[in-house]
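Here the structure is laid out as structure tokens; the discussion comes afterwards.
Lettering of chains follows the sequences in order, A, B, ..., and the numbering in each one begins at 1.
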Protein chains: 2
Amino acid sequence: MTLSVVSVTVDLVLLTIRQAALQVLLIRRGIPPYPDRWALPGGFVLPDEDLGEAAARELREETGLDPQHGHFEQLATYGTPGRDPRGRVVTVAYLALLPDLPAPVPGSDAAGAQWRPAADITPGELAFDHDRILADGLERARAKLEYTPLATAFCPPEFTVADLRAVYETVWRTRLDPRNFHRKVTGAEGFIEPTGGTVIRDRGRPAQLFRRGPATLLHPPLLRQRV
Amino acid sequence: MTLSVVSVTVDLVLLTIRQAALQVLLIRRGIPPYPDRWALPGGFVLPDEDLGEAAARELREETGLDPQHGHFEQLATYGTPGRDPRGRVVTVAYLALLPDLPAPVPGSDAAGAQWRPAADITPGELAFDHDRILADGLERARAKLEYTPLATAFCPPEFTVADLRAVYETVWRTRLDPRNFHRKVTGAEGFIEPTGGTVIRDRGRPAQLFRRGPATLLHPPLLRQRV
DNA sequence: ACGCTTAGCGTCATGTTGACGATAATAGCG
DNA sequence: CGCTATTATCGTCAACATGACGCTAAGCGT
């Protein structure tokens, strides 16, 4: 039996909505390989550390937040030989959906960090195979919005129906009818619950405030327009 | 920078339907750790091998089949420290949905191999953390049947609507109305296509034969009964 | 020939969704 | 203050989807 000796990293697809755009956190690599190239934040898994713990540690380093602050899940694992010039490196990617955050502080090996609109990232721009990982993360997020209440993870603790609709429109890159959306989300059991408060957002009628409800799945789902 | 040196394995949740039961392929471990314990088939990833390739190689060794013969996808990665007494081992689990197969041939390190009804496996029975991996695989398969045409992966190349319904009933452990099911699957664009042939299965009217259609998603989905 | 079973098609009542009307409540302007 | 524009909430209508179930077609066994 021959063991394959591998290094294992975690990489994070951290998504938030800022300035009406779906944004991903990128770091500017300060050291080789891929010096001065943008990449997803991440790092090596420590010897006594579970994968999720490693990812959570990196999330804390990059954003100051704990995973409970938004939604956090394992995305997929990538292990094509040669994906990392340093040697045999397998990465376990995690996806986080986060409410709007302040400007990030770069981790120790990074020359910079930045929230970038996902739509602005050109093919081949990212280091390693991070283009692929990012694409997978974006599609996962889009699919999750159909079947789960996880769009709320992009919102602050209290939000209006219009806030939530803006999340859907931004992530799905489409327009949704406010009347239909209102009926759907207020009618879907366990999706959102009224807080009792109201808020005036721009001009117009005051809107009710809601918080995330207890449901883990949407039944029936809120399906994307057919493609 | 400290690298964490890890061994990476793949583990396979191979599911098929035999004798009206959802069955999983298990191997009897012939060597430590966990000697004489049942486990999911798998093995170490070779140095120049992608993860999916490693999993496909193992699938070939265990079943003689290529992944295209059924459905095959990455399930999740498990890396809790101590999950393997041999040291730091991270496993990338893959899920395969396969049509009924002959009895398996054990791989080189196994003392036996067997298709076991998933429902017969008692908690804690499997080696490593394979109970957890199996449970995740089963749930993944159940969810996939709602949103995709992948139930057809359990069927031979040509099948009747009743064959397909039996797949759903077996995987979901429920009964489905044949009239409603027929209407749904024949009406869902790209799910199944008639071959033009018919077959007499038991007694009763001859049934039309179908093959898998080109769709990758079911729209609208065929949702499980609400839990 | 009859009874039973399975296959395929359809109806009915209910629920869901896309399109869109109407009223409520604000901001801004003249 | 009245008017316009805008946003929030509620609802209606037509089309579609689904659970329950009737009916006919086509076999097998007695």
Quiz item: Over how many whole Å does the gap from B:Asp177 atom CG to C:dA7 atom C1' extend?
Solution: 12 Å

Quiz item: Quick one: do A:Arg57 and A:Glu53 make a salt bridge, cutoff under 4.0 Å?
Solution: no

Quiz prompt | SB check B:Glu73 B:Arg140 (cutoff 4.0 Å) | solution = yes

Practice problem: Provide, to the nearest angstrom, the distance between the CZ atom belonging to A:Phe210 and the C1' atom belonging to D:dA8. | Solution: 10 Å

Quiz item: Taking NZ, NE, NH1 and NH2 as the nitrogens, is one of them in A:Glu139 or A:Arg224 under 4.0 Å from a carboxylate oxygen of the other?
Solution: yes

Exercise. Any chance you could list the contact pattern along nucleotides 21-30 of chain C? Use B for base contacts, S for sugar-phosphate-only contacts and - for none, protein heavy atoms under 4.0 Å, 5' to 3'.
Key: B--BBBS---

Quiz item: Given atom CG of B:Leu223 and atom P of C:dT16, what is their separation to the nearest angstrom?
Solution: 12 Å

Exercise. Please test A:Asp100 against A:Thr16 for side-chain hydrogen bond (donor to acceptor under 3.5 Å, both in side chains), starting from the C-alpha separation and ending with a verdict.
Key: CA-CA 6 Å; A:Asp100 190 8; A:Thr16 193; 4.7 Å; no

Quiz item: Rounding to a whole Å, what distance do you find between A:Leu209:CG and D:dA8:P?
Solution: 12 Å

Quiz item: In whole angstroms, how far is the P atom of C:dT17 from the NE2 atom of B:His219?
Solution: 11 Å

Practice problem: Figure out the NE2/C1' separation between A:His182 and C:dC20, and round it to whole Å. | Solution: 16 Å

Quiz prompt | Earlier contact from the 5' end, DNA chain C, for B:Asn180 and B:Asp163 | solution = B:Asp163

Self-check item: Heavy-atom closest pair, residues B:Leu14 and B:Glu62
Solution: CD1-CB, 4.4 Å

Self-check item: N-O pairing of A:Arg29 and A:Asp36 below 4.0 Å
Solution: no

Exercise. Determine whether A:Leu40 and A:Ile133 make a side-chain contact, defined as any pair of heavy atoms from C-beta on separated by less than 4.5 Å.
Key: yes

Practice problem: Would you mind telling me which residue lines up with the more 5' stretch of DNA chain D, B:Pro220 or A:Arg165, judged by nearest nucleotide? | Solution: A:Arg165

Quiz item: At how many degrees, to 10°, do the end axes of the helix from C:dA1-D:dT30 to C:dG30-D:dC1 meet when each uses five pairs?
Solution: 10°

Quiz item: CZ of A:Arg37: more than 12 outside heavy atoms within 6.0 angstrom?
Solution: yes

Quiz prompt | salt_bridge(A:Glu125, A:Arg116) N-O dist < 4.0 Å | solution = yes

Practice problem: Would you check, one step at a time, whether the test side-chain contact (heavy atoms from CB on, under 4.5 Å) holds for B:Val161 with B:Phe181? | Solution: CA-CA 8 Å; B:Val161 170; B:Phe181 187 81; 3.8 Å; yes

Exercise. Answer yes or no: is there a side-chain heavy-atom contact under 4.5 Å between B:Thr77 and B:Thr91?
Key: no

Practice problem: For DNA chain D, find the residues of residues 183-199 of chain B with a heavy-atom distance under 4.0 Å and give them by number; none if there aren't any. | Solution: B:Arg183, B:Lys184

Quiz item: Whole Å only: how far is the CZ atom of A:Phe181 from the P atom of D:dT7?
Solution: 16 Å

Quiz item: Could you state the CZ-C1' distance from B:Arg175 to D:dC21, rounded to the nearest angstrom?
Solution: 17 Å

